[in-house]
Amino acid sequence: MSSADRISDQRREKLAELRQQGVDPFFNLFKPSHSIDRIKEQYEPLGGPELEGLDQNFRLAGRLMLLREFGKASFCHIQDGSGERLQAYVQRQVVGEEAFALFKKLDLGDIVGFEGTLFRTRTQELTLAVKSLTLLTKSLKPLPEKYHGLTDVETRYRQRYLDLMVNPQVREVFAKRSAIIRLVRQFLEGRGFLEVETPMMQPIPGGATARPFITHHQALDMTLYLRIAPELYLKRLVVGGLERVYEINRNFRNEGLSIQHNPEFTMLEFYQAYATYEDLMTLTEELVAYVAQNLLGTLKITYQGQEIDLTPPWRRLDLRESLTAVGGIPPEVVRDREALVALAKKEGVTLRAGEGYGRALTKLFDLMVEVHLQQPTFILGYPLETSPLSRKNDTDPEVVDRFELFIASREMANAFSELNDPDDQRQRFEQQLAAHQAGDEEMPHALDEDFVNALEHGLPPTAGEGIGIDRLVMLLTDSPSIRDVILFPQLRPER
RNA sequence: GGGCCGUUAACUCAGUCGGUAGAGUAUCUGCCUUUUAAGCAGAGAGUCGUUGGUUCGAAUCCAACACGGCCCA
């Protein structure tokens, strides 16, 4: 028999024994009086005599993480929902024969309730002197190793509960994730943005260029697509008069997995009427600085060993200029449409039907510029060809009023002044439709007539932006992989 | 889709040139009332990812596959 099976069997035997003795191994009537983080915060500064003078009982509940047993006494550590651990001291002469016998039967991983007083040991460790104990939940499986914890990444993702139990830094990352989203909401609420929820299941998936997931509604007998972006719905709301809206929610894209991509990911999108993409550059600087300052207390952060300064204002760079200034492509090549397309092909870029200079610009940017953009940088002057929802620039109709933000070589945000000319929008949708019919599955399969209809009612001049929340969390928690900031990242099924 | 790396006890990891599978933690037994990854003595625990192949003999060499990681498309 394997040791895992044997441990499990032994614990089930203990479970049966406990029940026979009238002990409920899943007892549910224990109310802790304190959390361990509060105990530490409040009582860590106190010395031994002060603690003993307290004359106060504490009821603590948590998981047994470590045991050091002696003949007639034991030290153990319990960890509670705060993620903190506290040492407890259980003595036979204090808790009595019966309770001590029960304690001796407990296993690492069991959830217990302790009641007792605080004191300091010889080595001055804050410790609970247990007067009475209650088994709250029997654990039937062994805990990972107490010192090295759980390092196997596959097990950490598949059994995140174990990861959270034994790797405290994981809990911290997800606590920070929650704080980041809370700060983003605070910032936007402070500027009069209204949080909304728009459909995750859409009949025509729009607002981005990506292959969607397909599902089916039985009662309506219709095909629905998990949304690739909320954009077209949020702009309908601006047409309706909700002039500042935002949504933080999941998008779904039917793509491969990577260190930066999970098929479901969290996106912030917001729209502000009577603003332009230039206003949003300022807003983005302020938003990211607000979140970082309140989360970390500084705007100078380290990401994977690289110092990054988030202090506004950030560098602004034209896409074509960046190819020369950062990518090292001679300006005469950047200007020459044919030469640039030739260079793109030489660098291994494949251009599909209808794609040319614009696509070559953005692909060469991805290859030769992006990797060098460590410090926050807005890239401007995106080609019309790759921006079907953006407003054309008034002076240069080849480009649109759009920026993307790069930090630590990653695209963090994408924003533009919205196209609100319904006829222009219809034409661009028709081009996308033609591309879909030519086999491009990343293009929408149908023309969103209702969205065009909404524009015909009049979308006020508006600017909108999307910020990848997972990537922002990666940046602010110094996490190398998107899997480190998503609790249950997508994996292949185990076999 | 392509390349490279990994997969050995529940966990963390060794395993030499192809020759009976190892350690620490955890578990079990005994001792132990202020320990700090507690200590001491002993015990049990393995489909070496899977399937084939080479070989007298495979954790080890070869192939395919699975899962994971990284890089590229």
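A, B, ... follow the sequence lines: proteins, then strands. Residue 1 opens every chain.
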Between [N] and [M], how many Å separate the two [atom1] atoms, rounded to a whole number?
N: B:rC62; M: B:rG19; atom1: P; value: 15 Å
N: B:rA59; M: B:rU20; atom1: P; value: 10 Å
N: B:rC13; M: B:rA26; atom1: C1'; value: 14 Å
N: B:rA58; M: B:rG52; atom1: P; value: 14 Å
N: B:rA43; M: B:rG22; atom1: P; value: 14 Å
N: B:rU55; M: B:rC17; atom1: P; value: 23 Å
N: B:rA73; M: B:rU60; atom1: P; value: 35 Å
N: B:rA66; M: B:rU29; atom1: P; value: 45 Å

With side chains defined as the heavy atoms from C-beta onward, is the minimum distance between [X] and [Y] less than 4.5 Å?
X: A:E50; Y: A:Y43; answer: no
X: A:R320; Y: A:V399; answer: yes
X: A:I204; Y: A:Y225; answer: no
X: A:Q79; Y: A:I36; answer: no
X: A:T284; Y: A:F378; answer: yes

Across the strands shown, which category fits [X] at heavy-atom distances under 4.0 angstrom: base, sugar-phosphate, nothing?
X: A:G149; answer: sugar-phosphate
X: A:D152; answer: sugar-phosphate
X: A:F119; answer: base

**OP:** Evaluate whether atom CZ of A:R316 has more than 12 neighbouring non-hydrogen atoms of other residues, nucleotides or ligands under 6.0 angstrom away.
**Re:**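 Enclosed: over 12 neighbouring heavy atoms sit under 6.0 Å from CZ of A:R316.
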Under a 3.5 Å cut-off for both distances, is [N] Watson-Crick or wobble paired, and to whom?
N: B:rU60; answer: none
N: B:rU33; answer: none
N: B:rG49; answer: B:rC65
N: B:rG22; answer: B:rC13
N: B:rC28; answer: B:rG42

Expected rows: protein N/O vs nucleotides 64-72 of chain B N/O, under 3.5 Å:
unit_1	atom_1	unit_2	atom_2	d
B:rC67	O3'	A:R158	NH2	3.1
B:rC67	O2'	A:E154	OE1	3.2
B:rC67	O2'	A:E154	OE2	2.3
B:rC67	O2'	A:R158	NH2	3.4
B:rG68	OP1	A:R492	N	2.6
B:rG68	OP2	A:R492	NH1	3.1
B:rG68	O4'	A:E154	OE1	3.0
B:rG69	OP1	A:R483	NE	3.0
B:rC70	OP2	A:R483	NH1	3.0

**OP:** Kindly say whether A:H148 contributes a backbone atom to a donor-acceptor pair with the side chain of A:E145 at under 3.5 angstrom?
**Re:**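 Side chain of A:E145 to backbone of A:H148, a donor-acceptor pair under 3.5 Å: yes, one is there.
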**OP:** Tell me whether the OP1 or OP2 atom of B:rC13 has a side-chain N or O from A:T151 closer than 4.0 Å.
**Re:**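 For B:rC13, OP1/OP2 do have a side-chain N/O of A:T151 under 4.0 Å.
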Provide, to the nearest angstrom, the distance between the [atom1] atom belonging to [X] and the [atom2] atom belonging to [N].
X: A:L86; N: B:rU34; atom1: CG; atom2: P; answer: 19 Å
X: A:M165; N: B:rC11; atom1: CE; atom2: P; answer: 14 Å
X: A:K345; N: B:rA73; atom1: NZ; atom2: C1'; answer: 18 Å

Original post:
How does each nucleotide of nucleotides 21-33 of chain B score, in 5' to 3' order, for protein heavy atoms under 4.0 Å: base (B), sugar-phosphate only (S), or none (-)?
Top reply: ---BBSBS---BB
**OP:** Report yes if a donor N or O on one partner sits less than 3.5 Å from an acceptor N or O on the other, where the partners are the side chain of A:E125 and the base of B:rU35; otherwise report no.
**Re:** no
**OP:** Please determine if A:E44 and A:R120 form a salt bridge, counting it only when a charged side-chain N lies under 4.0 Å from a carboxylate O.
**Re:**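 A salt bridge is present here (some side-chain N lies under 4.0 Å from a carboxylate O).
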Subject >> Electrostatic pair A:D163:A:R160 at N-O distance under 4.0 angstrom >> reply: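 Counted as a salt bridge, because a side-chain N and a carboxylate O are separated by less than 4.0 Å.
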Subject >> Check: A:F406 ring centre within less than 6.0 Å of A:F365 ring centre >> reply: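 Centroid separation for A:F406 and A:F365: below 6.0 Å.
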